[in-house]
Asker: 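Got a structure here, written out as structure tokens. Questions coming.
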Number of protein chains: 2
Amino acid sequence: MAASIIDVAKRAKVSTATVSRALRGLPNVSEVTRERVLRAAEELSYAISPHASSLASGRTGTIGVVLPFVNRWFYSQVLSGIDSVLRANDLDLLLYNLGDARVHERFFARMPLRRRVDALIVLNLPLSAAESDALVSMEVPVAVLGTRVPGCWHVSIDNAQGATTAVRHLINLGHRRIGMITGALGDPRGFTTPIVREHAYRSVLAEAGIPYEPDLEAPGNFGIEEGASAMARLLSLPDPPTAVFAESDLMAFGALRTLTRMGLRAPDDVSVIGFDDHETAELLNLTTIAQPVTHQGELLARQILDALSGASEEPAEVVVPTRLVVRGTTGAARVAGPRTSRDHPGLPDRPEGAGHPDRPGHPGRAAEPPAPRDGTAYDRLPDQHTRTTAR
Amino acid sequence: MAASIIDVAKRAKVSTATVSRALRGLPNVSEVTRERVLRAAEELSYAISPHASSLASGRTGTIGVVLPFVNRWFYSQVLSGIDSVLRANDLDLLLYNLGDARVHERFFARMPLRRRVDALIVLNLPLSAAESDALVSMEVPVAVLGTRVPGCWHVSIDNAQGATTAVRHLINLGHRRIGMITGALGDPRGFTTPIVREHAYRSVLAEAGIPYEPDLEAPGNFGIEEGASAMARLLSLPDPPTAVFAESDLMAFGALRTLTRMGLRAPDDVSVIGFDDHETAELLNLTTIAQPVTHQGELLARQILDALSGASEEPAEVVVPTRLVVRGTTGAARVAGPRTSRDHPGLPDRPEGAGHPDRPGHPGRAAEPPAPRDGTAYDRLPDQHTRTTAR
DNA sequence: GGAGTGAGTGCAATCGTTTACATGAAAAGA
DNA sequence: TCTTTTCATGTAAACGATTGCACTCACTCC
């Protein structure tokens with residue numbers, strides 16, 4: 001049916017070995033022969049059989065990407081970063097979306113990517129020791145986002161620092177009762193990110209001399225709905241928090257929705273800070289901890305490129321910084337009770353009912369008004385902002 | 001290194017042919033032999049070489065998915081639907097993210113998926129005739145979302161109907177000056193969806209006896225920022241629209257942001273309706289045209305399954321319905337000028353400054369309050385809601 | 001008892017490349 | 001002129017499965 005390398009060889013009157021060399025641009029082929037082969041291949045509209053090639057060479061030209069949820073903003077963003085780098089280097093991307101726990105188990109039980117990919121990129125998966133072993137036993141380079149796995153390349157943000165910054169921000173605004181909407185803490189698979197962030201939350205409280213109250217932590221599982229319920233739960237406490245740290249923007253969105261539905265406002269009644277700098281965070285004017293999402297994907301792919309080219313022997317680790325983006329949902333704490341004046345000195349009192357603080361007083365202006373007060377949201381961090389540790 | 005089928009054959013004291021048959025569950029292998037082979041494979045922790053298998057059998061067990069932007073909500077959602085079905089059928093998913101026009105061209109010039117996949121799923125790509133031909137010339141089943149391509153399987157929503165419903169909704173609320181924020185109309189690649197929707201917009205206006213004004217159309221390119229700018233442009237017209245149809249929720253979000261920043265409100269000053277029912281649409285209380293996104297992905301994957309199994313000869317076409325979801329950003333039109341009372345009879349006047357219409361009057365209530373008035377947002381349509389056309 | 005049936009198995013060709021090694025010719029060095 | 005290098009090319013053995021065909025039994029049926 002389709003032309004094979006033999007047909008090309010015949011047409012160019014050379015051996016298949018020469019065709020193979022010519023087509024792959026290997027050095028020892030004379031210019032005139034190469035031309036002839038190229039033309040023959042063109043005329044037959046020849047396309048190489050990737051499988052035969054892989055079988056013979058042992059290389060697949062394919063990178064496996066394993067992640068828990070393609071349809072979540074964060075992962076699709078990272079995926080996009082990975083893709084751009086792989087695509088530029090002519091590598092294919094085989095996607096493994098783990099979804100629920102059953103698929104996860106099946107994946108590690110059968111290792112369907114074995115012999116199928118040249119390298120693996122694993123995003124934010126909770127890995128048991130056995131599972132980590134299974135990964136390295138594939139004997140291909142593995143780059144992991146979020147979790148640290150011995151023998152694997154590694155990219156992550158400094159979760160402890162990010163969470164610390166978030167909680168300190170609230171404390172500096174005068175808040176003392178600070179709630180936290182946590183991620184999948186209870187997940188039997190044990191994602192590590194929520195654990196680290198929760199730990200940072202406690203540490204900062206302790207450091208500030210604020211007693212820890214378990215009731216001020218509500219589980220949110222990273223979704224809007226769960227974030228909304230978590231906020232409802234926090235607000236139903238006898239002594240509700242005046243500020244809340246949600247460890248994802250989506251949960252913060254849910255929290256804001258609950259506030260709105262209860263007739264409360266951020267930051268007048270409750271301050272809310274998120275994590276991620278989701279694409280709609282600016283829209284909702286949410287104060288948050290930004291992380292360079294796409295960039296992390298690019299870094300992972302570059303690590304794999306390095307590993308594949310043998311450029312660097314030992315797996316490296318890269319930690320990218322987070323950044324506090326102050327928008328309109330966090331504000332100074334008030335002394336007590338809702339709707340009274342604030343006690344925090346040095347901050348001007350905002351008139352009641354002024355609505356969103358970023359709404360300028362020029363209704364009807366034609367051009368789009370300037371952006372609200374806002375930390376710069378970066379798309380991509382320059383490389384000197386990343387810290388590389390050889391190990 | 002890794003065990004091959006020969007090792008297994010030796011250990012089980014059978015031929016490689018029998019191993020192959022036993023492992024794949026083919027019928028004519030005796031139970032006792034099968035057991036022996038399975039045990040041998042287990043003991044050697046044998047894993048089949050997918051490339052050798054593909055080379056010999058001609059099947060790859062891999063489906064290619066080609067889409068323009070993985071990192072956009074819509075596509076990642078569809079992708080997730082595709083993945084769930086493929087995964088359940090043990091098919092791998094090879095992802096091709098086209099991104100910019102350069103990658104797009106390269107893809108069609110080199111057809112890197114040729115011989116690499118058993119079937120192709122193409123999402124919402126603008127295809128020239130030559131490109132459609134290139135797809136079918138791969139001689140594998142192709143399922144296309146959005147665009148209709150001769151000889152290919154097809155899933156889409158009824159864009160004309162969706163857009164018609166949206167514009168009629170605004171007209172029925174009494175609006176006469178209705179703007180539209182369009183998608184990538186100017187894109188040289190020529191996405192068809194925006195064209196169809198824009199056409200529907202004009203038709204409905206004509207039908208209602210409203211003259212068409214080119215200035216009331218502003219290009220938005222499907223992004224939040226562009227949506228925001230488009231809204232700014234519309235509001236800078238001498239006679240701005242009282243209602244706006246944005247053909248994606250993201251653009252509607254941008255539009256809402258511009259309104260807020262200009263001190264205006266939806267629906268009091270301008271009604272806004274979106275398209276998609278994005279995950280944050282409910283959060284922002286956006287009236288929109290909902291489409292079953294994940295479900296479309298599942299349908300595409302099922303079509304491919306049918307095609308592969310030979311269950312149905314001719315490619316089928318499925319059109320899934322859209323649905324108007326009324327939330328809080330559309331309301332009755334007023335006679336003239338902002339901030340005056342409304343002339344639309346039968347609708348109660350809403351007190352000035354009441355804010356979001358879904359905020360109940362029970363601040364401080366402990367449990368989460370009920371959802372706002374809202375058309376049911378479906379996750380998945382039952383099959384009888386879909387219409388199949390054999391061709 | 002011979003022919004026919006059918007299940008279980010093995011043989012060996014095949015899929016389409018890559019690549020170690022061999023070959024031969026031309027260029028370089030002595 | 002006779003080696004020695006270098007360069008371009010060909011030969012053929014992998015790579016690791018699948019599968020059409022032939023074969024061997026053990027049955028069943030006349």
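Order of the sequence lines fixes the chain letters, A, B, ..., with proteins taken first and strands second; residue numbering starts at 1 for each chain. Bear in mind the structure is a predicted one, so any value in this text is a computation, not a measurement.
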Asker: Distance check needed: D:dG16 C1' versus B:I48 CD1, whole Å only.
Answerer: 9 Å

Asker: Between C:dT18 and A:S53, is there an OP1 or OP2 to side-chain N/O distance shorter than 4.0 Å?
Answerer: yes

Asker: Base, sugar-phosphate alone, or nothing: which one does B:V19 contact when heavy atoms must sit under 4.0 Å apart?
Answerer: nothing

Asker: For D:dT19 and B:R59 - does any side-chain N or O of the residue sit under 4.0 Å from the phosphate oxygens OP1/OP2?
Answerer: yes

Asker: Can you tell me the distance, in whole Å, between the NE2 atom of B:H51 and the C1' atom of D:dG16?
Answerer: 11 Å

Asker: Hey, does B:I6 reach any base, or is it just sugar-phosphate, or nothing, if we go heavy atoms under 4.0 Å?
Answerer: nothing

Asker: Nearest-Å distance, CG (B:D7) to P (D:dG16)?
Answerer: 9 Å

Asker: Give the rounded distance in Å between these two atoms: CG of A:L55 and P of C:dT17.
Answerer: 12 Å

Asker: Rounded to the nearest 0.5 Å, what's the gap from OG1 on B:T62 to CG on B:L86? Could you check?
Answerer: 10.0 Å

Asker: Measure CG/A:N28 against C1'/C:dA27 and give the value in whole Å, please.
Answerer: 17 Å

Asker: So how far is it from B:L67 CG to B:I121 CD1, rounded to the nearest 0.5 Å?
Answerer: 10.0 Å

Asker: What distance do B:E298 atom CD and B:H295 atom NE2 have between them, rounded to the nearest 0.5 Å?
Answerer: 6.5 Å

Asker: Check the phosphate of C:dT18 against A:R24, side-chain N and O only, distance under 4.0 Å to OP1 or OP2. Yes or no?
Answerer: yes

Asker: May I ask you to verify if any side-chain N or O of A:S20 is less than 4.0 angstrom from the OP1 or OP2 atom of C:dT18?
Answerer: yes

Asker: Check every strand shown and say whether B:T33 touches a base, only sugar-phosphate, or nothing at a heavy-atom separation below 4.0 Å.
Answerer: sugar-phosphate

Asker: Using a cut-off of 4.0 Å on non-hydrogen atoms, how would the nucleic acid contact of A:R34 be classed: base, sugar-phosphate, or nothing?
Answerer: nothing

Asker: Expressed in angstrom and rounded to an integer, what is the separation of A:L26 atom CG from D:dG10 atom P?
Answerer: 15 Å

Asker: Please tell me if B:S30 has a side-chain N or O lying less than 4.0 Å from either OP1 or OP2 of C:dA7.
Answerer: no

Asker: I want to confirm an ordering. Mapping B:P27 and B:A52 to their closest nucleotides on DNA chain C, which one lands closer to the 5' end?
Answerer: B:P27

Asker: What is the distance from atom CG of B:L91 to atom CZ of B:R59, rounded to the nearest 0.5 Å?
Answerer: 11.5 Å

Asker: If only side-chain N and O atoms of A:S15 are considered, is one of them under 4.0 Å from the OP1 or OP2 phosphate oxygen of D:dT9?
Answerer: no

Asker: Side chain of B:A17 only, please: which of C:dG16, C:dT19, D:dT19 is the nearest?
Answerer: D:dT19

Asker: Can you tell me how far P of D:dC7 sits from CD of A:E31, to the nearest Å?
Answerer: 15 Å

Asker: Examine C:dC15: is either OP1 or OP2 under 4.0 Å from a nitrogen or oxygen in the side chain of B:S57? Give yes or no.
Answerer: no

Asker: In this structure, how many angstroms lie between the P atom of C:dG16 and the NZ atom of A:K10, rounded?
Answerer: 12 Å

Asker: Say whether, by atom type as modelled, one donor and one acceptor occur between the side chain of A:Q303 and the main chain of A:H154 under 3.5 angstrom.
Answerer: yes

Asker: Can A:D90 and B:R106 be counted as an ion pair, charged N to O under 4.0 angstrom?
Answerer: yes

Asker: OP1, OP2 of D:dG20 versus side-chain N and O of B:R21: anything below 4.0 Å?
Answerer: no

Asker: Both A:V29 and B:Y46 contact DNA chain D. Taking the nearest nucleotide for each, which residue is further toward the 5' end?
Answerer: A:V29

Asker: Classify A:A47 by what it touches in the nucleic acid, base, sugar-phosphate, or nothing, heavy-atom distance under 4.0 Å.
Answerer: sugar-phosphate

